[in-house]
Each structure stands twice: as C-alpha cells, then as structure tokens.
Amino acid sequence: MLACAIVVAGLAGVGLALAGSGSPLRSPLVLLFLATAPAMAVAGLLRGLDVAARVFVSCVAMIVINACVAETMLAIGAWSARTGLVVVVVIAAVLRAVQLPVVRDRSRPCAEAVRSVADRLERM
C-alpha cells in the first residue's frame with residue numbers, strides 16, 4: 001500500500017513536470033518517481049529471490065535504467081529532461097505490464113465442449 005502511494009505521488013510529480021508547472025513539489029516528486037518506479041517494476045519480476053536480494057537487484061536496476069536513458073540521450077545528442085522522464089515512465093510501465101496475468105483463451109474450453117458433444121452424438 002505504501003509503495004503504491006509513493007508511485008502515485010511520483011506520478012503526480014511527473015504530471016507536474018510534463019505540464020511545465022513551477023511548483024516547488026515538482027522536483028522532489030519527480031526524483032521520488034525516478035527512484036522508486038523502475039525499482040518496484042524490476043522487483044516485481046524477481047519474486048523468486050529473497051527480500052534482500054530483490055531490494056539490491058532492483059536498486060541496481062533502477063540506477064542502470066536511469067543512467068542508460070540519460071547516456072543514450074546524450075550520445076545521440078537529443079538531451080531533454082521531459083523526454084528522458086517519459087522514456088523512464090514507458091520502461092517502468094512495460095516492466096509492470098509484463099507482470100500482468102495472462103488472460104486465458106475462453107473459446108478453447110467451448111470448442112472442446114462442442115467436440116465432445118459431437119463425439120457423443122456420433123456414438124449414438
């Protein structure tokens with residue numbers, strides 16, 4: 001619950017930054033988002049590890065994600081704080097989306113039921 005509240009607060013900072021607001025809360029909230037969202041997204045992928053390992057790996061991944069986004073933008077000469085922020089948001093969203101449960105194909109059981117009924121009718 002606390003983790004979700006932190007990410008929501010960070011997203012508020014992202015919204016303020018993308019809107020161009022001059023609020024004094026913008027910078028701390030954006031930094032909060034950049035520090036927590038990628039780390040929590042990676043931590044969700046590491047459910048098999050113990051807590052200490054998940055915290056360590058997710059913190060390292062957060063640093064790597066933020067640094068790679070910044071370095072890539074600098075290397076191609078397209079530095080923009082807003083673009084970098086959007087890229088980190090997209091990366092975190094994709095990492096979270098990968099963790100969503102797969103929706104089963106509901107038509108398969110129906111097709112199997114129709115086949116079994118057809119087989120029973122043929123036997124009669």
Side-chain angles (χ1 to χ4, degrees):
M1 197 71 141
L2 177 64
C4 291
I6 291 172
V7 170
V8 168
L11 282 173
V14 170
L16 289 172
L18 294 178
S21 171
S23 171
L25 292 176
R26 181 183 74 181
S27 295
L29 291 177
V30 167
L31 290 174
L32 180 70
F33 178 82
L34 291 174
T36 58
M40 288 175 40
V42 170
L45 296 171
L46 304 172
R47 296 183 197 271
L49 297 177
D50 65 348
V51 176
R54 282 175 68 181
V55 169
F56 179 76
V57 172
S58 63
C59 286
V60 170
M62 175 266 304
I63 293 168
V64 169
I65 289 169
N66 288 324
C68 284
V69 168
E71 284 187 32
T72 301
M73 289 183 357
L74 286 172
I76 63 173
W79 173 256
S80 167
R82 285 184 179 178
T83 304
L85 186 58
V86 170
V87 170
V88 172
V89 168
V90 169
I91 290 171
V94 168
L95 289 173
R96 291 300 291 180
V98 169
Q99 300 168 34
L100 293 175
V102 178
V103 178
R104 293 187 321 168
D105 184 13
R106 301 259 184 216
S107 64
R108 176 181 266 168
C110 294
E112 291 173 5
V114 169
R115 265 190 249 122
S116 70
V117 169
D119 289 342
R120 290 181 189 166
L121 289 174
E122 287 178 4
R123 291 184 200 152
M124 293 181 160

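Count residues from 1 along the sequence.
In terms of heavy-atom proximity, Val88 sits nearest to Phe33 at CG1-CE2, 4.4 Å. Looking at every heavy atom in both residues, Gly13 comes nearest to Val30 through O-CG2, 3.2 Å. Closest heavy-atom contact between Ser58 and Leu46: N-CD1, 4.4 Å. A pairwise comparison of heavy atoms in Leu32 and Ala9 identifies CD2-CB, 4.0 Å as the closest pair. Taking both residues in full, the closest heavy atoms of Arg96 and Met40 are given as NH1-O, 3.6 Å, listed atom of the first, atom of the second, then distance.
The line from CG of Leu18 to OG1 of Thr83 is 9.5 Å long, rounded to the nearest 0.5 Å. To the nearest 0.5 Å, the span separating CZ on Arg26 from CG on Leu31 amounts to 10.5 Å. To the nearest 0.5 Å, atom CG of residue Leu29 and atom OG of residue Ser21 are 10.5 Å apart.
Between Pro38 and Ile91, the closest side-chain pair of non-hydrogen atoms is not below 4.5 Å. Leu34 has its side chain within reach of Leu85: a pair of non-hydrogen atoms, C-beta onward, lies under 4.5 Å apart.
Cluster membership for Met62 and Val8, using ILVMFWY side-chain heavy atoms within less than 4.5 angstrom, is not shared. With hydrophobic clusters built from ILVMFWY side chains whose heavy atoms lie under 4.5 angstrom apart, Trp79 shares a cluster with Val90. In this structure, Val89 is not a member of the same hydrophobic cluster as Leu25, with clusters built from ILVMFWY side-chain heavy atoms closer than 4.5 Å. In terms of hydrophobic clustering, with Ile, Leu, Val, Met, Phe, Trp and Tyr side chains grouped at heavy-atom distances under 4.5 Å, Phe56 and Val42 are assigned to a common cluster. Linking ILVMFWY residues whenever their side-chain heavy atoms come closer than 4.5 Å, directly or via other members, leaves Val51 and Leu45 in distinct clusters.
In this structure a side-chain-to-backbone donor-acceptor pair under 3.5 Å is present from Arg54 to Ala43.
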